[in-house]
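Values below: all heavy atoms of this structure, side chains included; hydrogens, waters and symmetry mates excluded. Within every chain, numbering begins at 1; the chains are lettered A, B, ... in the order of the sequence lines, protein sequences first and strands thereafter. Note that the structure is a prediction, hence the values are computed from the model and not measured.
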Amino acid sequence: MLNTPLFSPELEEFRETVGEFIRDNLPEDIRRMVAAEQMDLPREAQARWHRILRAKGGWCCPSWPEQYGGPQWNDSQQYIFEQELALNDAPRLMIYGVGMLGPTLFKYGSKSQKESILPDILDANTFWCQGFSEPNSGSDLASLKCEAQRVGDEYIINGSKIWTSEAHIADWIFGLFRTSKGVRKQEGITFLMIDLSNSGITIDPLLLFEGTHEVNQVYFEDVRIPVENRVGNEGHGWEIGKYLLGLERFGTAEVSRTKASFERLRRIAHSEVPGGSRLIDTPSFAEQFDRLEIALHALEMTERRFLLEENTSKSLGAEASMLKVRGTEIQCDVLRLTAQTGAHYSQIDLPRDQIESDSTNPYSPGHTARNYFNYRKTPIYSGSNEIQRNIVAKAALGL
Amino acid sequence: MNQIEKIEQCNMIEQSATRFLQNRYPFPVRQKLINTNSGYCHHQWQETADLGWMQLPLSEHFDGHGGNAEFVAILMREFGRNNYQSPYFVSAVLCAKVLEKMAKDPVRTDMLHQIAEGKAIVSAAFYEKQSRYDLCNTTTSATQSDNGYTLQGSKVGVQYGNIATHLLILARASGDQLDCSGLSIFLVPKEREGIGFEHHRTHDGGRVSIVQLNNVAVERNSLIGSEYPALPKLQEALNFAIAMLCAELAGVMDSTFKLVLEFVKTRTQFNSSIGSFQSIQHRLVDMYMRCELATSMSREATRAVNDLIGPEQDRLVSAAKAEIGRLSILNAEEAIQLHGAMGMMDEMPIGHFLKRVFVLNSLYGDAEHHQARYRQLSRDQ
């Protein structure tokens, strides 16, 4: 394992404290799901863990200020906390409500929106999902067409949103809707929040090719919502959406998650197989293993530099994009190499609930390639890596 | 057969396979079939036998088509293009080759007839848990008994063990665990007492078994070949089979590339087809080049098993599997990426090609294994 620089003694003590709490309080059934690289936890499991952190001084919302129930941590503390979550196989934070909508409302929400929405996110009473992509608006998000027509004190929504993660377990959706056709397509987009129990909403599951149900298509047919559910001004949704996506890109590099995956790979590589040789003693494997470890270290140090050392008040544009591109590439490489460790066992497809998440034995049917297939979504989602490169070219290089 | 006849023959095989697979094995049918209990349709299997597919790898002596690897490769490439799942590879290619090269008559003639007619499905039980892809690393033992042999041990990666009628089992008659000599192959009917199966589904919709051999008594004539050092002959049969996997992978690459090309031409973003963007064009060009390289290496593998012998054949076959392995993984991942989220959908064929590529790579040596084998065979070069 490569040496990584320590933080200050106070921060290292903070790491000890939060790490210990996570290890002592994380329910074993949830830990096993996360250790199996499962990204889409059942709502019940997410809520259970969220409430354990909630009871511990609002740790469920590490980026939230004290006035909304958060722990009021600085950037370094948040970073270390999220690292400890990942390294101890704790679930990802609830990205849509906690990571995205909350901070968006701090900045753009009305007083009554903050009062009515934030407490339910904090208590995991309300689950949110995000409605951005549409069937013909993926990379070209600004071309979105799902329409919100203003009639009196209401908007009437018609159209559909696609690739909506967790819509099937969510109560509300926030997203970008077309309120007018401006000169530029970025104009006329409005940020709205919609109760999914409204009549006129249909949620269709979309299966991923390795068999999981994570994403959906959400259809709106004459769905009426009150004007109060608009965040910011009408037509200003693009700016808000960009701000919100910036929050998402902050975490999509998943560096610490990949470190945890790499540690699982390390345990497999070093496990003794009766009558066989350890994988790490095979030169061709060891070379790939080492190369990935070094690449991961370079990524981690770059992440620290971008997030903690540079002037953190500036919004992360190109930096977050670079981290997302490289982070997802390395993440996929780690999971591919892990999948290949099984040789004849790699091809075996077991139902997810039979996968032994903690197995260090590459030669058991519990060790599968499912995660490798599933994580091919990461260079695509949350702004494909192609779009991220466009952002870097424009924002950092002025091209 | 002169050159013109050969080309005609190749075209005929390709057209017949394309017609059959496009009519009888379109993507929705495939998805239905792999989700049935056995993952296979006996009726369709029999139809392919009637088409003469199973005779292609066999020499004329066994009512075959001469066993020219070129002809089999044409068929396997079509399998790849259509993501066709069946026991054809393990039974009619690999095990038939082992029997043809190593078995003695009358067992040989009888079994090859049965395979050619689709009546027998033979699977290969060569590898073990600890062996990875090293055949020398074999602990399953064959002990002489009064009437024959007793087999004891366990085997992994037994393709379509669920529907096999027979197994070819690699077992050690003498020597230490890592000795490359002292290995023999036995042909054993699947129902024999003492054989236990653990059947699994594979990611690409095939089936694979883990097999336990618990004091399995077999007759003297179930020993395939007279000599104990089974490996050199077995390696020849494996080389033939691996060359056919290369052809299949080249076929998968061909289809995935065509799907992506079609997709980038029709998918519109930013008011243009995404194929009009230079960065996408370059990605497609790279994919296209990889397809061409894979086609060349697939042909090289076929040439190796047709025209070369010994280490020269081994090296070229390993070079091909290593190179095509890497190229095909890269292309399959790119194919998904260029489809965007559509590429992750179960209802789209594209992700299922990635699964196929992944599994084909893991069969009979992945790219790393063949790269290492290549180095070993090239030690003095």
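Judged purely by distance below 3.5 Å, without hydrogens or angles, the side chains of Tyr160(B) and Gln85(B) pair a donor atom with an acceptor atom. In the model, Gln376(B) has no side-chain atom that pairs as donor or acceptor with a side-chain atom of Tyr374(B) under 3.5 Å. A side-chain N or O of Arg315(B) and one of Ser378(B) form a donor-acceptor pair less than 3.5 Å apart. In this structure, a donor-acceptor pair under 3.5 Å is present between the side chains of Glu128(B) and Thr139(B). Between the side chains of Gln388(A) and Ser321(A), at least one donor-acceptor pair of N or O atoms lies under 3.5 Å.
Of the atoms belonging to Glu333(B), heavy atoms from both backbone and side chain fall under 4.5 Å from chain A. Within the 4.5 angstrom heavy-atom criterion, no atom of Met348(B) approaches chain A. If you measure heavy-atom distances from Pro135(A) to chain B, the contacts under 4.5 Å come from the backbone alone. Residue contact with chain B, scored on non-hydrogen atoms closer than 4.5 Å, is absent for Phe285(A). Within the 4.5 angstrom heavy-atom criterion, only side-chain atoms of Phe358(B), from C-beta onward, approach chain A. When heavy atoms are compared at a cutoff of 4.5 Å, Leu363(B) approaches chain A solely by way of its side chain, counted from C-beta outward. Both the backbone and the side chain of Arg370(A) come within contact range of chain B, each with at least one heavy atom under 4.5 Å from a heavy atom of that chain. If you measure heavy-atom distances from Arg207(B) to chain A, you find no contacts under 4.5 Å at all. For a residue to count as touching a neighbouring chain, one of its non-hydrogen atoms must lie under 4.5 Å from one of that chain's; by this rule Leu338(B) does not touch chain A. Only the backbone of Ser137(A) has a heavy atom closer than 4.5 Å to any heavy atom of chain B.
Each of Glu329(A), Lys324(A), Arg326(A) was scored for a side chain to side chain donor-acceptor pair (under 3.5 Å) with Asn385(A), with one residue passing: Lys324(A).
A perpendicular orientation is assigned to the rings of Tyr133(B) and Tyr127(B), their planes being inclined by more than 60° (bins at 30° and 60°).
Per-residue heavy-atom pair counts under 4.5 Å with chain A were compared for Gly205(B), Ser362(B), Gly343(B), Gly340(B), and the maximum is reached by Gly340(B). Each of Arg132(B), His339(B), Gln177(B) has some count of heavy-atom pairs under 4.5 Å with chain A, and the biggest count is that of Arg132(B). When each of Asn137(B), Val359(B), Leu354(B) is checked for heavy-atom pairs under 4.5 Å with chain A, Leu354(B) comes out on top. Options Leu178(B), Asp134(B), Ile210(B) differ in how many heavy-atom pairs under 4.5 Å they form with chain A, and the most are formed by Ile210(B). No other option in Gln337(B), Glu368(B), Met342(B) has as many heavy-atom pairs under 4.5 Å with chain A as Gln337(B).
Screening residues 273-283 of chain B for salt bridge (charged side-chain N to carboxylate O under 4.0 Å, His left out), with sequence neighbours left out, gives Glu386(A)-Arg283(B), Arg283(B)-Glu334(B). For residues 340-355 of chain B, there are no salt bridge (charged side-chain N to carboxylate O under 4.0 Å, His left out) pairs, not counting sequence neighbours.
Under the rule for a side-chain contact (heavy atoms from CB on, under 4.5 Å), the partners of Thr202(B) that lie at least two apart in sequence or sit in another chain are Gln347(A), Asp204(B), Val208(B).
Proximity of Glu134(A) to Leu141(A): side-chain heavy atoms (C-beta onward) are nowhere separated by under 4.5 Å.
Of all residues spanning residues 318-331 of chain B, those with a heavy atom less than 4.5 Å away from chain A's heavy atoms are Ile329(B), arranged by number.
Ionic pairing of Glu37(A) and Arg257(A) is not present here: no N-O contact between side-chain nitrogen and carboxylate oxygen is shorter than 4.0 angstrom. With respect to Glu210(A) and Arg376(A), no salt bridge is recorded, no charged nitrogen being found less than 4.0 Å from a carboxylate O.
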